[in-house]
Number of protein chains: 2
Amino acid sequence: MIEPRIVKGFRDALPQEEHLRRQIMEKLADAFALQGYEAIDTPTLEYTETLLGKSGGETEKQIFRFKDAGERDVAMRFDLTVPLARYVTMHRDELALPFKRYHIAKVWRGEKPQRGRFREFYQCDFDIVGSDDAMADLDILMTAQTALVLLGVPAFVIEVNHRGILLGYLEQLGIAQHNTEILRSLDKVDKLGWQVVETELLPLISAEMIAKLKDFITPASDAWATIAKLRNLMGDHASLLVLENLFRQFKALDVAHFFTVNPKITRGLDYYTGMVFETFLLDDRALGSICSGGRYDNLMALYSKNPMSGVGGSIGLDRLLSAENILSQLNISERLRMMIYAPVDLAKVGALMRMLRDLGVVVEIYPGQKKVDQQTKYALRKGARLGIFVEGEGYTLRKFVERESLKDLSLEALIAHLKEHYLA
Amino acid sequence: MIEPRIVKGFRDALPQEEHLRRQIMEKLADAFALQGYEAIDTPTLEYTETLLGKSGGETEKQIFRFKDAGERDVAMRFDLTVPLARYVTMHRDELALPFKRYHIAKVWRGEKPQRGRFREFYQCDFDIVGSDDAMADLDILMTAQTALVLLGVPAFVIEVNHRGILLGYLEQLGIAQHNTEILRSLDKVDKLGWQVVETELLPLISAEMIAKLKDFITPASDAWATIAKLRNLMGDHASLLVLENLFRQFKALDVAHFFTVNPKITRGLDYYTGMVFETFLLDDRALGSICSGGRYDNLMALYSKNPMSGVGGSIGLDRLLSAENILSQLNISERLRMMIYAPVDLAKVGALMRMLRDLGVVVEIYPGQKKVDQQTKYALRKGARLGIFVEGEGYTLRKFVERESLKDLSLEALIAHLKEHYLA
């Protein structure tokens, strides 16, 4: 006998959880598809060299890497972005360019397992590769907004910035040589507070400079006021004009209320090169960003002499799933579920079951021979609201919640009752 | 620079192919869910011991196995059945029993790559664990039939058998000591023909016995005639009664025309213990079975002193996808796709795009600045049937197939036209 165990950092999905995850993934996939994004898939295993480049770096410690039976050095993908770069490089001529794709799939990272963090998890990415145009930035931001609205995510705000703004200001202040440290510190303000950040920065730049930075990254009352403030501080910087143009477009599209400017957002140090964004629930900012992304310019540089730039976003599926207070508000319709008690005269249920399925009702006959009570227990665990006994000439409809039964219904009367009371 | 490559035996899915696969998977998932099957998920990586037991055997050569960073001996799952057994053993108390689950997910096998066979592929399984009852066998067969009908698979037949029938007959003939060799040989009749099988069996059993077997496994004109013939040859064997009962149930449910008896089907040697089935397209039997399964009794024996029996089926997703002649017949509705030409006055498209999406129309603005011809080329590659120019006060609708344009449409006229001609 072998003790059944799960590998450390991995987990099973029980039916209720998997049902919810699938519903959310389908809704998001549908939202992406409606906006012209195409689904793709890439292999779970890639050459390690493809994933890490020649150096490796931090990521190397985290990947699941091994030699396959043919002694190939392979690894499980740790994100969906590097495979996208490899994919676009190889299939350039087979794709509609600019290439708008989405990819909702598992990735693997051998991180130290923590509460709510696993070594196998989903990423939910949407990107446009091969367009430098501001229209592509807008497309990604509108896709994020539309997907969250279609999913039914309550009150959220997408906070937009352009990496060039803060970098331009640091240059104007003459402290650009400390870019790396300053950005890294500012990134921690929300978590650690200003005092900690100040202490970190004081060895590098003057208190006056720190005060200027604090003012600079503090948003004003709304997006336009923040843009005006930034212009006031740094003049008509090119990055600021890009940002301002986006907000003009939001206004024209009548979606400005979903967006604001947050001059603090830079999203890490190396990857992004232009517009960047994060998304927060108004009622639960502490949850962290539920949809983030931005523009990057060097996606395919590892593989191609003619790399294309891109812009994209990623929805935090696991984060959304962990926010129990919002799950009930999502735009997910649950089907009516029913169970027919066994044993049953099958000649009386074939047509009934087909009619119910055509109405989108989940219906099953109890798959065994047990006492009525045990069958009811099963029905309730499966989320059934109704049971059916086939008795005599007609059907008895048992309502579990109401604890009542309707007897001697004809097939027509049963269907009519369901339509009126449960399927309206 | 790194040469972008795909690992041997793996492949990318291009958008058109992935779209089709996703549509089929969603349709099947929906069919399973409508019949009370619940989705689950299990980790990609399991302890090798969990997957192979203590011996390993044939499978051992095929799995992707390695030591993770914690020196655990792990492997990528090679099917969804062994993980199901592990899952049910561990979560028994958290599940509604009998446990009806479906699982559509990737598995990995390091087989020698052949035409149409890859080292990463999908399995699409549905099972009932924890019911010995004939009702569970019927449920699986009805689920196979319903799923294929809902998917729109044209003219198919589900060929049913019971492993006990042929085994019982071999015992009656007094040649049960050659079970293994006989079943293995008979399994190849369709591929290699009777002469080859006869040559293989002659060293073991007499020509008379071979003739009896040939007669036994040859179906009669229909299911009932075959059952009568089998009864004539072997009497009222218990397995035959199980099979006969199934066909009485098909008749009561008015689905008998989807099923027949094929006494030759045994589905391998070790795994199945009762009812077994395979499914063929009437117009393309050579494609092989598109849905197979049966009853097995020892699923969890590796992990538990109280194992539960099960019955299940598996749809051959890749096989279906390879049958190009049937893909066009599937019950898959394609959305209307449109592209709005750039540049565009955004104030005139926000409401339009929201209305179109609410109607289920895929709509996007070309994400860049290119000449009209290049934008049209993009639209056609994305499968758009219609383009929209926002000009002056109204909208121009360009019909790509018809090569005509409707000009100066108001928003209302445009929507009305689409509803009448494209969305009926």
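All heavy atoms count here, side chains included; hydrogens, waters and symmetry mates do not. Throughout, a chain's letter reflects where its sequence line sits, starting with A, and its residues are numbered from 1.
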Worksheet entry | Max heavy-atom pair count under 4.5 Å with chain A, selected residue of Ala301(B), Ala351(B), Ala96(B), Pro343(B) | Ala96(B)
Item to complete: Apply the side-chain contact (heavy atoms from CB on, under 4.5 Å) test between Pro43(B) and each candidate in Phe10(A), Trp108(A), Phe118(A); give the one that qualifies.
Response: Phe10(A)
Practice prompt. Would you mind reporting whether Leu14(B) and Tyr87(A) have side-chain heavy atoms less than 4.5 Å apart?
Written response: yes
Practice prompt. Using non-hydrogen atoms and a 4.5 Å limit, figure out which bit of Leu138(A) sits close to chain B: side chain, backbone, both or neither.
Written response: side chain
Practice prompt. Decide, yes or no, whether a salt bridge links Asp30(B) with Arg335(A) under the criterion of side-chain N to carboxylate O below 4.0 Å.
Written response: yes
Fill in: Among the listed options Gly383(A), Gly130(A), Ala347(A), the residue most often paired with chain B at heavy-atom distances under 4.5 Å
Ala347(A)
Discussion item. Can you tell me which portion of Glu26(B) sits under 4.5 Å from chain A's heavy atoms? Options are side chain, backbone, both or neither.
Written reply: side chain
Worksheet entry | Point-to-point distance, once rounded to the nearest 0.5 Å, from CD of Glu94(A) to CZ of Arg381(B) | 8.5 Å
Practice prompt. Check whether any side-chain heavy atom of Leu95(B) sits under 4.5 Å from a side-chain heavy atom of Pro15(A), and report yes or no.
Written response: yes
Practice prompt. Among the options Arg101(B), Met339(B), Arg337(B), Lys100(B), pick out the one with the most heavy-atom pairs lying under 4.5 Å from chain A.
Written response: Lys100(B)
Discussion item. Looking at every non-hydrogen atom in both residues, tell me the closest pair between Asp139(A) and Pro367(B) and how far apart they are.
Written reply: OD2-CB, 4.1 Å
Item to complete: Sort Ser304(B) into side chain, backbone, both or neither according to what part of it lies under 4.5 angstrom from a heavy atom of chain A.
Response: backbone
Worksheet item: Atom CG in Leu359(A), atom CG in Leu34(B): separation rounded to 0.5 Å?
Response: 10.5 Å
Response to the item:
Output for pair (Gln35(A) CD, Arg357(B) CZ), nearest 0.5 Å, gives 4.0 Å
Discussion item. Between Ala379(A) and chain B, with a heavy-atom cut-off of 4.5 Å, which part of the residue counts as in contact: side chain, backbone, both or neither?
Written reply: neither
Worksheet item: Within a radius of less than 6.0 Å around NZ of Lys382(B), do more than 12 heavy atoms belonging to other residues, nucleotides or ligands occur?
Response: yes
Worksheet entry | More than 12 heavy atoms from other groups under 6.0 Å of NZ on Lys370(B) | no
Discussion item. Restricting to ring-ring contact (aromatic ring centres under 6.0 Å, His included), what partner residues turn up for Tyr47(A), sequence neighbours left out?
Written reply: none
Worksheet item: Atom CG of Leu253(A) and atom CG of Leu352(B): how far apart are they, to the nearest 0.5 Å?
Response: 11.0 Å
Worksheet item: How would you list, in number order, the residues of residues 68-75 of chain A that have a heavy atom less than 4.5 Å from chain B?
Response: Asp68(A), Arg72(A), Val74(A)
Worksheet entry | Part of Phe250(A) lying under 4.5 Å from any heavy atom of chain B | neither
Discussion item. Which heavy atom of Tyr122(A) sits nearest to which heavy atom of Asp41(B), and what is that distance?
Written reply: OH-OD2, 3.6 Å
Discussion item. Can you confirm whether Gln369(B) is buried at CD, in the sense that more than 12 heavy atoms of other residues, nucleotides or ligands lie under 6.0 Å from that atom?
Written reply: yes
Fill in: Structural part of Ala384(B) lying under 4.5 Å from a heavy atom of chain A
neither
Item to complete: Let me know if Phe121(B) has heavy atoms under 4.5 Å from chain A in its side chain, its backbone, both or neither.
Response: neither
Worksheet item: With side chains defined as the heavy atoms from C-beta onward, is the minimum distance between Met142(B) and Met353(A) less than 4.5 Å?
Response: no
Worksheet item: Quick one: what part of Thr89(A) sits under 4.5 Å from any heavy atom of chain B, side chain, backbone, both or neither?
Response: side chain
Fill in: Closest contact, heavy atoms only, Lys106(B) versus Thr42(A)
NZ-O, 3.4 Å
Worksheet entry | Side chain / backbone / both / neither for Val361(A) at chain B, heavy atoms under 4.5 Å | backbone
Practice prompt. Go through Gly110(B), Pro83(B), Ser131(B) and name the one with the most non-hydrogen pairs under 4.5 angstrom from chain A.
Written response: Ser131(B)
Fill in: Minimum heavy-atom distance between Glu18(B) and Ala39(A), given as atom pair plus value
CB-O, 3.5 Å
Item to complete: Identify which part of Met76(B) has an atom lying under 4.5 Å from any heavy atom of chain A, answering side chain, backbone, both or neither.
Response: side chain
Discussion item. Under 4.5 Å from any heavy atom of chain B, what part of Arg354(A) do you find: side chain, backbone, both or neither?
Written reply: side chain
Item to complete: Find the one option among Leu356(B), Ile128(B), Ile6(B) whose heavy-atom pairs under 4.5 Å with chain A are most numerous.
Response: Ile6(B)
Practice prompt. Rounded to the nearest 0.5 Å, what's the gap from CD on Glu120(B) to OG1 on Thr44(A)? Could you check?
Written response: 4.0 Å
Discussion item. Just so I understand: if I count every heavy-atom pair under 4.5 Å between each of Lys305(A), Lys67(A), Lys61(A) and chain B, which residue has the most?
Written reply: Lys305(A)
Practice prompt. Please answer whether the main-chain N or O of Ile40(B) pairs with a side-chain N or O of Arg22(A) as donor and acceptor at a distance below 3.5 Å.
Written response: no
Worksheet item: Among Arg86(A), Met300(A), Glu49(A), Glu46(A), whose side-chain contact (heavy atoms from CB on, under 4.5 Å) with Pro4(B) holds?
Response: Arg86(A)
Worksheet item: So which of His91(B), Arg5(B), Glu3(B), Met338(B) has the biggest tally of heavy-atom pairs under 4.5 Å with chain A?
Response: Arg5(B)
Worksheet, complete the sentence: Interface check, chain B: of Lys377(A), Arg21(A), Met90(A), Gln249(A), most non-hydrogen pairs under 4.5 Å belong to Met90(A)
Practice prompt. Among the options Gly368(A), Ala136(A), Gly350(A), pick out the one with the most heavy-atom pairs lying under 4.5 Å from chain B.
Written response: Gly368(A)
Fill in: Gap between atom CZ of Arg65(A) and atom CZ of Phe66(B) - 0.5 Å precision
12.5 Å
Fill in: Residue pairs passing the side-chain hydrogen bond (donor to acceptor under 3.5 Å, both in side chains) test where at least one lies in residues 338-350 of chain B, sequence neighbours excluded
Tyr341(B)-Thr376(B)
Item to complete: Taking ring-ring contact (aromatic ring centres under 6.0 Å, His included) as the test, write out the residues that go with Tyr303(B), two or more places apart.
Response: none
Item to complete: Please look at Asp133(B) and chain A and tell me whether the side chain, the backbone, both or neither of the residue comes under 4.5 angstrom of a heavy atom of that chain.
Response: side chain
Practice prompt. Say whether, by atom type as modelled, one donor and one acceptor occur between the side chain of Tyr366(B) and the main chain of Met135(A) under 3.5 angstrom.
Written response: no
Discussion item. Which one wins on heavy-atom pair count under 4.5 Å against chain B: Thr50(A), Val363(A), Asp254(A)?
Written reply: Val363(A)
Worksheet entry | Proximal component of Arg119(A), with respect to chain B [non-hydrogen, under 4.5 Å] | side chain
